[in-house]
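Side chains are part of it too, since the values below use all heavy atoms of this structure and drop only hydrogens, waters and symmetry mates. For this chain, numbers begin at 1 and follow the sequence in order.
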Amino acid sequence: MNHHRFMTVAGIVVLAGLWATTLVAQAMPRPVNHDTAGREQCMMCHKAGAMEPVPDAPASHADRDVETCLWCHATDSPMLTAEAKATPHALEGREQCMMCHKAGAMEPVPDAPASHEGRDTKYCALCHKPAG
């Protein structure tokens, strides 16, 4: 009887671990698995139906320009190597991040780092999720 309980609990633990691994894998973007030199126009191959068996960009990427691809998919991208700080406040009514986070806009609100220059506000929440 104890052996049966042990096997049941062990099976549940293994399944829970696989489930958690799947969730994390889905949350992280896949890194580019080829050299990008000479292939800077990602959508030439990754748009819907362009090249089989190259995976299409998902529908959620439709309004993103090519410059944003490597923000998430480069092997050294912070999206793959580090976790962005959580947004410590609600986003409702505060969708224009740069109103407060541009250089010198509002003390003591932290400025967006120089590495974020050229990024549109619509991309902030890709990395910075609300806390809690």
Side-chain angles (χ1 to χ4, degrees):
M1 188 76 142
N2 284 339
H3 177 72
H4 182 17
R5 276 192 215 163
F6 173 78
M7 293 305 289
T8 301
V9 170
I12 291 170
V13 169
V14 168
L15 288 175
L18 290 172
W19 178 71
T21 302
T22 301
L23 288 179
V24 169
Q26 290 174 347
M28 299 296 289
R30 289 185 297 186
V32 172
N33 64 1
H34 59 76
D35 184 16
T36 57
R39 300 178 185 175
E40 293 84 5
Q41 298 302 315
C42 305
M43 300 313 274
M44 292 294 293
C45 298
H46 293 282
K47 68 182 174 187
M51 187 181 296
E52 294 295 332
V54 174
D56 297 342
S60 63
H61 289 43
D63 67 337
R64 298 181 189 174
D65 47 19
V66 170
E67 289 77 29
T68 63
C69 297
L70 293 179
W71 289 353
C72 297
H73 297 284
T75 56
D76 61 347
S77 163
M79 282 290 284
L80 298 172
T81 61
E83 188 156 328
K85 292 180 183 175
T87 304
H89 57 74
L91 299 180
E92 187 173 329
R94 299 177 180 178
E95 293 86 3
Q96 298 302 316
C97 304
M98 295 315 213
M99 292 293 292
C100 299
H101 294 283
K102 67 181 176 187
M106 187 182 296
E107 293 295 332
V109 174
D111 297 341
S115 64
H116 288 45
E117 188 174 324
R119 297 184 184 180
D120 192 289
T121 296
K122 65 185 175 185
Y123 299 115
C124 299
L126 289 177
C127 300
H128 301 281
K129 305 296 182 200

Distance-only donor-acceptor pairs under 3.5 Å for side chains of residues 46-63, two or more places apart:
{"unit_1": "H46", "atom_1": "ND1", "unit_2": "P55", "atom_2": "O", "d": "2.8"}
{"unit_1": "D56", "atom_1": "OD1", "unit_2": "G49", "atom_2": "N", "d": "3.4"}
{"unit_1": "D56", "atom_1": "OD2", "unit_2": "G49", "atom_2": "N", "d": "3.4"}
{"unit_1": "H61", "atom_1": "NE2", "unit_2": "R64", "atom_2": "NH1", "d": "3.4"}

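A donor-acceptor contact shorter than 3.5 Å links the side chain of E40 to the backbone of G38.
Residue pairs meeting the ring-ring contact (aromatic ring centres under 6.0 Å, His included) criterion with at least one partner in residues 74-95, sequence neighbours excluded, are absent. Note on residues 67-76: no pairs pass side-chain hydrogen bond (donor to acceptor under 3.5 Å, both in side chains), not counting sequence neighbours.
For the side chain to side chain contact (heavy atoms under 4.5 Å, CB included) test, residues two or more places apart in sequence or in another chain that qualify with C72 are P29, M79.
Between L80 and A74, the shortest heavy-atom distance links the atoms CD1-O, 3.1 Å. Closest of all the heavy-atom pairs between A131 and P88 is CB-CA, 4.3 Å.
Atom CD of Q96 sits about 11.5 Å away from atom NZ of K122, to the nearest 0.5 Å. Here the straight-line distance linking atom CD of E95 with atom SG of C124 works out to 11.5 Å at 0.5 Å rounding.
Apart from V66 itself, the hydrophobic cluster it occupies contains M43, where clustering links Ile, Leu, Val, Met, Phe, Trp and Tyr at side-chain heavy-atom distances under 4.5 Å. Here M99 sits alone; no ILVMFWY side chain lies under 4.5 Å from its own, so it joins no hydrophobic cluster.
More than 12 heavy atoms of other shown residues, nucleotides or ligands fall within 6.0 angstrom of atom NZ in K129.
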